[in-house]
Amino acid sequence: MVSIDHVAHRLLTYVPYVLVLIDMRYAGVTCGKDAGVDGHMEMGKKLLAAGQLADALSHFHAAVDGDPKNYVAYYRRATVFLAMGKSKSALPDLSRVIELKPDFTSARLQRGNLLLKQGGLDEAESDFKKVLKSNPSDKEEKEAQSQLVKADEIQRLVAQARSSFNSKDYVAAAAQLDTIIETCVWDVASREMRAECFILMGEMGKAVSDLKAASKLKNDNTLAFYKLSTIYYNLGDHEMSLNEVRECLKLDPDHKQCYSHYKQVKKLNKQIRSAEELIQEERYEDAVSKYEGVMKTEPNVPPLSLLAKERMCHALSKGQQGSRAVSVCGEVLRSDPENVNALKDRAEAYVQEEQYEDAISDYETAAKHSENDRQIREGLERAQRLLKQSKRRDYYKILGVKRTAQKREIIKAYRKLAQQWHPDNFQDEEEKKRAEKKFIDIAQAKEVLTDPEMRAKFDQGEDPMDPESQQGQHPHHFHGGHQGFQGFNPFGSGSFNFKFNYN
């Protein structure tokens with residue numbers, strides 16, 4: 001049996017070795033920490049040189065986390081941020097570098113340049129002046145002097161722009177702000193002032209461009225989103241208006257102006273969507289009523305009224321209400337003479353009203369503004385065929401019905417005219433001959449207009465009964481029905497027996 005004293009003696013002999021191992025492990029941790037930071041720095045530097053910015057950034061993040069007082073790590077990370085176009089993220093890192101090493105002129109010069117681009121003129125000037133006092137290199141001295149002069153000039157222009165704006169000389173103010181923004185590209189205040197100039201000058205597209213930039217450059221810029229929404233609304237773009245006001249409410253759900261505007265835009269947008277669904281469902285009269293409601297919801301924004309009328313023009317044209325469509329489309333075109341959609345819809349309405357020359361004129365005008373539009377080309381060709389056809393035989397006119405007439409209306413008109421022009425009703429030879437010709441025309445008109453295929457061809461400008469218009473196709477031959485005219489042969493003597501029916 002092993003004694004306790006012997007075991008204790010054996011354990012005590014290992015204590016020095018354990019203490020050495022612990023000491024070595026602690027030293028290794030310290031050494032490993034330094035080696036880890038250096039490794040991240042070296043790898044980040046290589047990746048940055050290779051243009052692999054995201055990977056380089058990850059290593060510099062790790063270096064900063066490993067050694068929060070390593071000013072070089074902050075500087076390198078700021079360099080990557082700038083290369084990635086993330087100046088907002090670079091600025092705090094440059095400030096940290098200067099805090100850790102106040103005589104690091106390169107960092108101070110870069111921070112001055114960023115502040116100048118952001119419109120922080122006083123802070124930028126302070127940095128440039130400190131660079132000049134810190135024994136800079138020739139290159140740094142030259143750059144700092146140049147930027148200091150530029151900052152002074154911008155200060156003067158800012159004062160002039162504010163004076164011009166306050167004097168309501170918006171053209172001069174915008175021109176001065178153009179020069180400022182060429183240097184201070186990230187200056188939110190200058191962009192917002194220029195946007196306001198553009199709004200007051202009626203140049204909404206330019207205002208939108210500046211406000212979009214301002215909304216990205218400044219966090220929580222609810223005012224920019226509100227102004228964007230109102231501009232789009234007044235331009236008639238209800239969907240973009242809704243998108244922008246929603247962005248405002250994401251930032252501040254309780255924003256009074258944005259919430260009030262949101263309710264109006266949402267209501268209008270819902271009405272327009274509903275009207276468009278009705279058009280898709282071919283419920284054209286309901287769509288017209290819905291767009292009349294749109295005009296009541298917002299009667300004071302001309303582009304929205306114009307949009308509503310343009311879509312009413314389309315719905316009326318598609319709904320075969322030619323006369324009303326011509327009138328409404330005409331209102332649109334008086335405000336917007338080059339509106340291609342209204343021109344096409346009015347042209348189609350003119351066709352429905354058999355005003356082919358007017359239809360051709362509208363299609364030709366539309367073609368000038370939309371040369372490759374297949375619908376215009378086909379519509380023009382059809383209108384030209386119908387005009388040519390109208391100078392020959394028009395089956396609708398023969399029966400005295402509209403082009404939109406239903407089959408039962410056509411048959412009713414045929415029966416009435418067939419009875420009126422039955423050749424047996426006439427005794428005089430000349431009158432009988434005229435009646436025979438008239439009766440054949442009436443019968444052919446009925447046959448063409450009650451046959452869907454032949455009617456479709458006729459509506460496209462072809463005459464199914466005219467071999468010349470068939471262009472190599474097999475013409476339809478006129479045939480009679482069941483009951484013949486007793487003793488009547490409109491073609492003279494012979495075995496042919498002309499027949500017709502009233503069905």
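Side-chain atoms are counted along with the backbone in the values below, which use heavy atoms only and exclude waters and symmetry mates. Every value quoted in this text rests on a predicted model; they were computed, and no experiment measured them.
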| message | If the threshold is 4.0 Å, N to carboxylate O, is there a salt bridge linking Glu378 and Arg374? | response | yes

| message | So that I can tick it off, tell me whether Lys212 and Glu244 are bridged by a salt bridge, with the cut-off set at under 4.0 angstrom between side-chain N and carboxylate O. | response | yes

| Gap between atom OG1 of Thr79 and atom CG of Leu57 - 0.5 Å precision | 11.0 Å

| Any donor-acceptor N/O pair, Thr365 side chain to Ser361 backbone, under 3.5 Å | yes

| Polar side-chain atom of Ser229 near backbone of Phe225 as donor-acceptor pair, under 3.5 Å | no

| request: Indicate whether the side chain of Gln118 and that of Asp187 have a donor and an acceptor atom separated by less than 3.5 Å. | output: no

| task | Using only heavy-atom distances, determine whether the side chains of Gln264 and Tyr233 contain a donor-acceptor pair under 3.5 Å. | result | yes

| said: Between Lys227 and Glu196 (salt bridge meaning N to carboxylate O under 4.0 Å), is one present in this structure? | reply: yes

| Residue pair Thr183 / Lys117, side-chain heavy-atom distance below 4.5 Å | no

| query | Does the side chain of Thr297 come within less than 4.5 Å of Leu304's, by heavy atoms? | reply | no

| field | Qualifying residues under disulfide (SG to SG under 2.5 Å), relative to Cys197, sequence neighbours excluded | value | none

| query | With a 4.5 Å limit on heavy-atom distance, are the side chains of Lys432 and Asn425 in contact? | reply | no

| task | Kindly indicate whether the side chain of Ser289, heavy atoms from C-beta on, has any atom under 4.5 Å from the side chain of Leu278. | result | no

Expected list for residues 398-406: side-chain donor-acceptor pairs under 3.5 angstrom, two or more places apart:
| from | atom 1 | to | atom 2 | distance (Å) |
| --- | --- | --- | --- | --- |
| Arg403 | NE | Tyr356 | OH | 2.8 |
| Arg403 | NH1 | Asp459 | OD1 | 3.3 |
| Arg403 | NH2 | Tyr356 | OH | 2.8 |

| Looking at Asp441 and Lys437, does any basic side-chain N land under 4.0 Å from a carboxylate oxygen? | yes

| field | Nearest-0.5 Å distance, CG of residue Asp345 to SG of residue Cys313 | value | 4.5 Å

| task | Grab the two heavy atoms, one from Tyr259 and one from Leu249, that are nearest each other, plus how far apart they are. | result | N-CD2, 3.8 Å

| said: Would you say Asn339 and Glu310 are linked by a side-chain donor-acceptor pair, where the criterion is simply a distance under 3.5 Å? | reply: yes

| said: Would you say Thr230 and His261 are linked by a side-chain donor-acceptor pair, where the criterion is simply a distance under 3.5 Å? | reply: no

| task | Applying side chain to side chain contact (heavy atoms under 4.5 Å, CB included), run through Asp220 and Asp252 and close with a yes or a no. | result | CA-CA 8 Å; Asp220 301 335; Asp252 181 3; over 6 Å; no

| request: Can you see which heavy atom on Val80 is nearest to which on Leu53, and at what distance? | output: CG1-O, 3.6 Å

| query | For Tyr284 and Leu316, what are the C-alpha separation, side-chain angles and deciding distance, and is it a side chain to side chain contact (heavy atoms under 4.5 Å, CB included)? | reply | CA-CA 7 Å; Tyr284 299 118; Leu316 289 166; over 6 Å; no

| message | If I compare all heavy atoms of Ala325 with all of Ser317, which pair ends up nearest, and what's the gap? | response | CB-N, 3.7 Å

| task | Look at Arg324 together with Glu285 and state whether they make a salt bridge at an N to O cut-off of under 4.0 Å. | result | yes

| query | Do Glu192 and Asn221 have side-chain N/O donor and acceptor atoms under 3.5 Å apart? | reply | yes

| ring-ring contact (aromatic ring centres under 6.0 Å, His included) pairs, two or more places apart, involving residues 161-190 | Phe165-Tyr170

| Taking every non-hydrogen atom, the tightest pair across Leu82 and Ser87 | CD2-CA, 4.3 Å

| query | Is any NZ, NE, NH1 or NH2 atom of the basic residue among Arg194 and Asp178 found under 4.0 Å from an Asp or Glu carboxylate oxygen of the other? | reply | yes

| Electrostatic pair Glu247:Lys250 at N-O distance under 4.0 angstrom | yes

| said: Tyr291 and side chain to side chain donor-acceptor pair (under 3.5 Å): which single residue from Glu276, Lys296, Lys309, Gln271 fits? | reply: Glu276

| field | Tyr363 side chain reached by Glu348 side chain, heavy atoms, under 4.5 Å | value | yes

| message | Could you check whether any side-chain heavy atom of Asp463 comes within less than 4.5 Å of a side-chain heavy atom of Tyr395, counting everything from C-beta outward? | response | yes

| task | Mind listing the closest non-hydrogen atom pair of Ala275 and Ala287 along with its distance? | result | O-CB, 3.7 Å

| Is there a donor in the side chain of Ser164 and an acceptor in the side chain of Gln176, or the other way round, less than 3.5 Å apart? | yes

| task | Before giving the answer on side chain to side chain contact (heavy atoms under 4.5 Å, CB included), spell out for Ser241 and Leu268 the whole-Å C-alpha distance, their side-chain angles and the decisive distance to 0.1 Å. | result | CA-CA 11 Å; Ser241 178; Leu268 191 81; over 6 Å; no

| field | Heavy-atom check, side chain of Leu307 versus side chain of His238, under 4.5 Å | value | yes

| query | If only atom types and distance count, is the side chain of Ser260 paired as donor or acceptor with the main-chain N or O of Lys256 below 3.5 Å? | reply | no

| With a 4.0 Å cut-off, would you call Glu447 and Arg455 a salt bridge? | no

| query | Distance from Met201 atom CE to Glu203 atom CD, nearest 0.5 Å? | reply | 4.0 Å

| Regarding Gln352 and Gln321, is there a side-chain donor-to-acceptor distance under 3.5 Å anywhere? | no

| query | With a cut-off of 6.0 Å (strictly less than), are more than 12 heavy atoms of other residues, nucleotides or ligands near NZ of Lys270? | reply | no

| From His59 atom NE2 to Gln52 atom CD, the distance as rounded to the nearest 0.5 Å | 9.5 Å

| If you take all heavy atoms of Ala224 and Leu211, which pair is closest and at what distance? | CB-O, 3.9 Å

| Do any N or O atoms from the side chain of Ser209 and from the backbone of Gly205 form a donor-acceptor pair under 3.5 angstrom? | no

| query | Backbone N or O of Glu429 within a donor-acceptor pair of the Arg434 side chain at under 3.5 Å? | reply | no

| request: Decide yes or no for Glu239 and Arg273: does some side-chain heavy atom of the first lie under 4.5 Å from some side-chain heavy atom of the second? | output: yes

| request: Hey, could you give me the CD1/CG distance between Ile154 and Leu116, rounded to the nearest 0.5 Å? | output: 6.5 Å

| said: For Lys344 and Gln375, which I'm curious about, is there any donor-acceptor pair between the side chains at under 3.5 Å? | reply: yes

| query | Does the Arg385 side chain pair with the main chain of Gln460, one donor and one acceptor, at a distance under 3.5 Å? | reply | yes

| query | Would Glu354 and Asp394 count as a side chain to side chain contact (heavy atoms under 4.5 Å, CB included) if you check the C-alpha gap in whole Å, the side-chain angles of each, and the deciding distance to 0.1 Å? | reply | CA-CA 11 Å; Glu354 301 178 16; Asp394 186 332; 4.1 Å; yes

| field | Separation between CG of Leu157 and CD1 of Ile180, rounded to the nearest 0.5 Å | value | 5.0 Å

